[in-house]
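Quick notes on the structure that follows.
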Amino acid sequence: MGFKTIDDVALAGKVVLTRVDINVPMEGGVVTDTTRIDKIVPTVEDIIARGGKVVLLAHLGRPKGKVVPEMSLKLVQPALEAALKRKVVFLERPSRAEIDALPQDSVVLVENTRFTPMEEANDPQMAQFLASLGDVFCNDAFSAAHRAHASTEGVARLLPSFAGRLMEEELRALDAALGNPARPLVAVVGGAKVSTKLDLLGNLIARVDHLVIGGGMANTFLAAQGIEVGKSLAERDMAETARTILTRARTAGCKIHLPIDVVVAREFKAHAPNETVPVGACPADAMILDAGPATVAELERIFAMCKTLIWNGPLGAFELEPFDAATVAAARSVAELTRAGKLVSVAGGGDTVAALNQAGVASSFTFISTAGGAFLEWMEGKELPGVAALQV
Ligand code: ADP
Ligand code: MG
């Protein structure tokens, strides 16, 4: 994995354009969760400590190329100043002269990059303009790296570029999980549908030793093999695809694990009366909402055998108690093995992160990616333009 970091570039006296993800939730013009702002503090401080002048580039919301006052980064300035414990200069229309006139330890925040359609179009003129504002480019926004935009990809092609601390941490964790993992490597994939995760499954069977399939998508695989899944969420039209995946996995030496027992109910709601049955014994009028305890025990046995684990997608309808049981139990087992130093564990995905937080184990995983779309595209084996532009 060849990319430069803050450690590889001389920053003294330089203007460091720094792409960050401070796309924070807002209510009534006030930031309601500062997590993303707090996370960029080490990168900003590090650049200042090395004598660089920080010019922050970021987007907020989806203004679709227009100026939307409620999505002005000016609204984020107070929260940013609080997190950095220093003044931040906001520039609606930045110019190099204005930036040069500021003291060297300044932090500048430039207006929402998405206020012009040129950003998402990766317009060369916009990339040129941004590049003219700085001497070097630091990308610390992994979560925006799956999009080739002017402030993520275009500008990186025009200036000496390197990864910020957050980007560096994410890339190292992801490389340890799927790039150059300690083996055996197990992937856990769950969630609702096979159709949304085809590329992901295709990439994983070529790379992992064990693939655990859970959640609604397991039902599709079961049904494709002629196993009764009653009224479960299952994509019947994906049967052929599912069978192809099973065959290809066998050829690739990837062992697939499907549930061996399941929790079934007649209603899709919390606390619906339910029972645990062996797989294949789902009544015709019931639906599978979770994996059963025998499956969890089997997963614990697999996890204990492996050195690396990567996880996307809950094993059941985790939003509805008690159908979060398998996801929570499996997550706790991963957390325990990780704490004991026996397993490197990486997880990501919107619902997955929510489920791990619900299980109270997120902090025990080696790395939790909050990058959403960028994480999934990386798991699909796709090249992320914002990362590719940093490659040396
Ligand atoms: P992520 O956001 O982490 O990528 P997904 O969006 O793919 O995860 O999947 C999460 C959704 O899958 C949840 O809403 C969950 O309720 C649903 N799900 C998991 N198992 C089942 C099941 N057996 N039946 C119906 N829905 C399920
Ligand atoms: Mg989701």
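Values reported hereafter were calculated over all heavy atoms of this structure, with side chains retained and with hydrogens, waters and symmetry mates removed. Note that ligands are numbered from 1 as they come in the structure, with each ligand's atoms numbered from 1 the same way.
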Exercise. With distance as the sole criterion, is a donor-acceptor pair present between the side chains of T32 and E27 under 3.5 Å?
Worked result: no

For this session: Begin with the C-alpha distance, continue with both residues' side-chain angles, and end with the deciding distance and a verdict on side-chain contact (heavy atoms from CB on, under 4.5 Å) for V212 and V189.
Result: CA-CA 6 Å; V212 171; V189 181; over 6 Å; no

For this session: Would you please determine whether K197 falls within less than 4.0 Å of ligand 1 on a heavy-atom basis?
Result: yes

For this session: Around atom 12 (O) of ligand 1, find the nearest protein heavy atom and jot down its residue, atom name and distance.
Result: A192 N, 3.1 Å

Problem set entry | Q125 atom CD, neighbour heavy-atom count above 12 within 6.0 Å | no

Exercise. Side chains of K197 and N312: do they bring a donor and an acceptor to under 3.5 Å?
Worked result: yes

For this session: Output yes when D105 and K87 qualify as a salt bridge under the 4.0 Å nitrogen-oxygen rule, no when they do not.
Result: no

Exercise. To which protein heavy atom is atom 9 (O) of ligand 1 closest, and what is the distance rounded to 0.1 Å?
Worked result: G191 CA, 3.1 Å

Problem set entry | R19-H149 side chain donor-acceptor pair, cut-off 3.5 Å | no

Problem set entry | Identity of the nearest option to atom 20 (N) of ligand 1, non-hydrogen atoms only, from G373, G216, G350 | G216

Problem set entry | Residues, nucleotides or ligands: over 12 heavy atoms within 6.0 Å of R183 CZ | yes

Problem set entry | Protein-derived N, O or S atoms lying under 2.8 Å from the Mg ion (ligand 2), waters excluded | 1

For this session: Say whether P314, considering both its backbone and side-chain N or O atoms, lies within less than 3.5 Å of an N or O atom on ligand 1.
Result: no

Seminar exercise, completed: In ligand 1, the atoms that come under 4.0 Å of a heavy atom of G316 are 15 (C), 18 (N), 19 (C), 20 (N), 21 (C)

Exercise. Among T352, D324, L289, whose heavy atom sits nearest atom 3 (O) of ligand 1?
Worked result: T352

Exercise. Using a distance-only test with no angle check, is there a side-chain donor-acceptor pair under 3.5 angstrom linking T338 and T366?
Worked result: no

Exercise. Is the count of non-hydrogen atoms from other residues, nucleotides or ligands lying under 6.0 Å from E336 atom CD greater than 12?
Worked result: no

Exercise. Taking atom types as modelled, is there a side-chain donor on D261 or T276 under 3.5 Å from an acceptor on the other?
Worked result: no

For this session: Determine whether the side chain, the backbone, both or neither of M287 has a heavy atom under 4.0 Å from any heavy atom of ligand 1.
Result: neither

For this session: Select the closest option to atom 23 (N) of ligand 1 among I288, T196, V263, judged by heavy-atom distance.
Result: I288

Problem set entry | side-chain contact (heavy atoms from CB on, under 4.5 Å) between R50 and I6, intermediate numbers included | CA-CA 9 Å; R50 289 160 192 261; I6 289 179; 3.4 Å; yes

Problem set entry | Distance filter under 4.0 Å to F268 heavy atoms, resulting ligand 1 atoms | 25 (C)

Exercise. What do you reckon, is CZ of R96 surrounded by more than 12 foreign heavy atoms closer than 6.0 Å?
Worked result: yes

Exercise. Polar-atom distance check: L315 versus ligand 1, any N or O pair below 3.5 Å?
Worked result: no

Exercise. Can you tell which of D351, L376, V264, L356 gets a heavy atom nearest to atom 2 (O) of ligand 1?
Worked result: D351

Exercise. Against heavy atoms of L233, which atoms of ligand 1 measure under 4.0 Å?
Worked result: 25 (C), 26 (N)

Exercise. Charged N to carboxylate O below 4.0 Å: is that the case for R266 and D285?
Worked result: yes

Problem set entry | All ring-ring contact (aromatic ring centres under 6.0 Å, His included) counterparts of H146, not counting sequence neighbours | none

Exercise. How does E319 reach ligand 1, by side chain, by backbone, by both or by neither, if only non-hydrogen atoms under 4.0 Å count?
Worked result: side chain

Problem set entry | For G349, the ligand 1 atoms whose distance to one of its heavy atoms is below 4.0 Å | 3 (O)

Exercise. Does ligand 1 have a heavy atom under 4.0 Å from the side chain of N312, from its backbone, from both, or from neither?
Worked result: side chain

Problem set entry | Contact with ligand 1 for F323, non-hydrogen, under 4.0 angstrom | no

For this session: Say whether S364 and R339, considering side chains only, have a donor N or O and an acceptor N or O under 3.5 Å apart.
Result: yes

For this session: Number the atoms of ligand 1 from 1 as they appear, then name those within less than 4.0 Å of a heavy atom of A317, with their elements.
Result: 16 (O), 19 (C), 20 (N), 21 (C)

